[in-house]
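Owing to the predicted nature of the structure, the values given are computational and were not obtained by experimental measurement.
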Amino acid sequence: MKTLNPYTLLAAGCAMLLALGACDREPTDYREFLNGKESVYPGKPNNLVAMPGRDRVQFAFNPSADPSVKRYRIAWNNGRNSTLVDATTHDPAEVMKVTVPSLNEDMYEFALYALDGSGNISVPSAVSVRTYGARYESGLNNRGVVSKWFEGETLVIQWATADTVHTGSKIAYTDVGGRKKTLDVAADAWETRVADCKAGEAVSVLSGYKPVSRAIDTFYALKPDTLKF
């Protein structure tokens with residue numbers, strides 16, 4: 001029969017005691033490493049979307065279902081700037097919207113946080129977005145016209161291919177009774193007929209654009225183009 005080394009028995013006994021001690025520890029014993037304080041993270045909001053506009057951004061998100069959440073904080077410029085909004089609902093099926101105004105035309109990194117009543121903060125939801133303004137608008141041109149002619153008192157305009165971000169144009173003209181009128185032209189229109197246009201009076205075109213599909217503002221060419229006949 002093999003004789004066990006007494007040192008081996010001693011080592012095994014120590015290992016067993018350590019294991020039992022570990023089992024006796026409470027799940028909250030990690031708090032000793034946090035100076036007796038727990039790290040609390042409120043439930044974060046979901047599905048954050050940023051929609052740019054003219055020197056502003058609108059955010060949409062589904063609110064946190066965590067009833068402890070009292071407010072939301074949107075921060076940018078590495079946290080140097082921020083805005084707070086009250087949590088008006090905890091229904092994650094609803095959509096909250098927040099607009100941040102007065103932003104320079106630039107690229108931004110935003111972070112959205114949920115805060116509870118004790119000031120605890122959730123993990124962030126981050127999004128990048130560019131704002132638009134005078135610099136973007138200065139590069140816009142009105143939609144081109146391929147040809148134009150009169151058929152009696154009807155002005156016919158055939159349009160050039162529109163830019164993909166074109167939202168439509170406005171035609172300003174004088175009708176046969178001498179009244180100033182405007183006509184909206186859809187972005188996908190290839191031909192427009194103005195039935196009561198008075199020949200010899202000025203006709204102008206002003207075109208609008210949205211830089212991205214989610215943009216909340218429409219931008220226009222700086223001035224209308226006057227059609228020459």
Side-chain angles (χ1 to χ4, degrees), residues 26-141 163-168 187 206-222:
E26 293 294 327
T28 54
D29 282 352
Y30 68 89
R31 292 176 183 171
E32 66 184 270
F33 302 106
L34 298 172
N35 295 321
K37 297 180 180 179
E38 284 187 85
S39 290
V40 178
Y41 298 96
K44 62 179 287 189
N46 294 301
N47 303 316
L48 175 64
V49 175
M51 297 166 286
R54 183 186 297 274
D55 302 320
R56 62 179 183 158
V57 177
Q58 185 178 85
F59 298 92
F61 57 91
N62 299 121
S64 171
D66 184 348
S68 73
V69 172
K70 302 302 181 185
R71 294 185 297 176
Y72 295 98
R73 177 175 180 254
I74 297 175
W76 64 101
N77 288 340
N78 293 319
R80 292 190 296 273
N81 300 96
S82 64
T83 187
L84 291 169
V85 60
D86 290 336
T88 56
T89 176
H90 295 100
D91 183 353
E94 294 191 22
V95 177
M96 288 189 65
K97 292 185 177 180
V98 182
T99 299
V100 176
S102 305
L103 296 169
N104 292 327
E105 187 175 2
D106 208 342
M107 191 74 189
Y108 291 88
E109 300 285 339
F110 288 93
L112 172 66
Y113 303 88
L115 291 83
D116 66 16
S118 299
N120 298 306
I121 192 166
S122 72
V123 295
S125 296
V127 66
S128 301
V129 62
R130 177 190 169 189
T131 58
Y132 299 86
R135 187 169 67 249
Y136 170 76
E137 202 164 50
S138 67
L140 298 178
N141 297 309
D163 191 287
T164 55
V165 296
H166 176 50
T167 60
L206 182 65
S207 298
Y209 299 86
K210 282 192 173 184
V212 294
S213 60
R214 286 177 171 169
I216 58 174
D217 293 316
T218 300
F219 296 80
Y220 293 89
L222 294 182

Any heavy-atom pair between the side chains of [Y] and [X] that's under 4.5 Å?
X	Y	answer
Leu222	Glu137	yes
Ser128	Tyr108	no
Lys70	Leu115	no
Val49	Phe61	no

Between the side chain of [X] and the main-chain N/O of [Y], is any donor-acceptor distance below 3.5 Å?
X	Y	value
Asp91	Ala93	yes
Ser138	Arg135	yes
Tyr132	Ala215	no
Asn104	Asp106	no
Ser64	Gly43	yes
Thr167	Gly208	yes
Ser122	Lys44	no
Asp116	Ser118	yes

Item checked: Basic-acidic side-chain contact under 4.0 Å: Arg54, Glu105 ->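 Not counted as a salt bridge, because no side-chain N and carboxylate O are separated by less than 4.0 Å.
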Taking all heavy atoms of [X] and all of [Y], pick out the closest pair and write down the distance.
X	Y	value
Gly133	Asp55	CA-OD1, 3.9 Å
Pro52	Val129	CB-CG2, 3.9 Å
Gly79	Arg73	O-NH2, 3.6 Å
Ala114	Pro42	O-CG, 4.1 Å
Ala187	His166	CB-O, 3.3 Å

Checklist line | Distance, nearest 0.5 Å, that separates CG of Leu112 from CE of Met96 | finding: 9.0 Å
Notebook entry, point to check: When rounded to the nearest 0.5 angstrom, what distance separates CE in Met107 from CZ in Arg130?
Noted result: 9.0 Å
Next item on the list: State whether a side-chain donor-acceptor pair under 3.5 Å links Asp66 with Ser68.
Entry: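 There is such a pair between these side chains.
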Next item on the list: Compute whether any side-chain donor of one residue and acceptor of the other, for Asn47 and Asn62, lie under 3.5 angstrom apart.
Entry: yes
Margin query: Does the plane of the ring in Phe110 sit parallel, tilted or perpendicular to the ring in Phe59? Use 30° and 60° as the thresholds.
Written below: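 Taking Phe59 first and then Phe110, their aromatic rings stand perpendicular (interplane angle over 60°).
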Next item on the list: Apply salt bridge (charged side-chain N to carboxylate O under 4.0 Å, His left out) to the pair Asp217 and Arg56, showing each step before the final yes or no.
Entry: CA-CA 9 Å; Asp217 293 316; Arg56 62 179 183 158; 2.7 Å; yes
Next item on the list: Given side-chain contact (heavy atoms from CB on, under 4.5 Å), test Tyr41 with Asn120 step by step and report yes or no.
Entry: CA-CA 6 Å; Tyr41 298 96; Asn120 298 306; over 6 Å; no
Notebook entry, point to check: Would you find more than 12 non-hydrogen atoms of other residues, nucleotides or ligands less than 6.0 Å from Asn77 atom CG?
Noted result: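 Counting neighbours around CG of Asn77, more than 12 heavy atoms of other residues, nucleotides or ligands fall under 6.0 Å, so yes.
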Checklist line | Ring-ring centroid check Tyr113 Tyr72, cutoff 6.0 Å | finding: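 No: the rings miss the under 6.0 Å criterion.
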Check: How about Tyr209 and Tyr220: are their ring centres within less than 6.0 Å of each other?
Finding: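 For Tyr209 and Tyr220, the ring centres are not under 6.0 Å apart.
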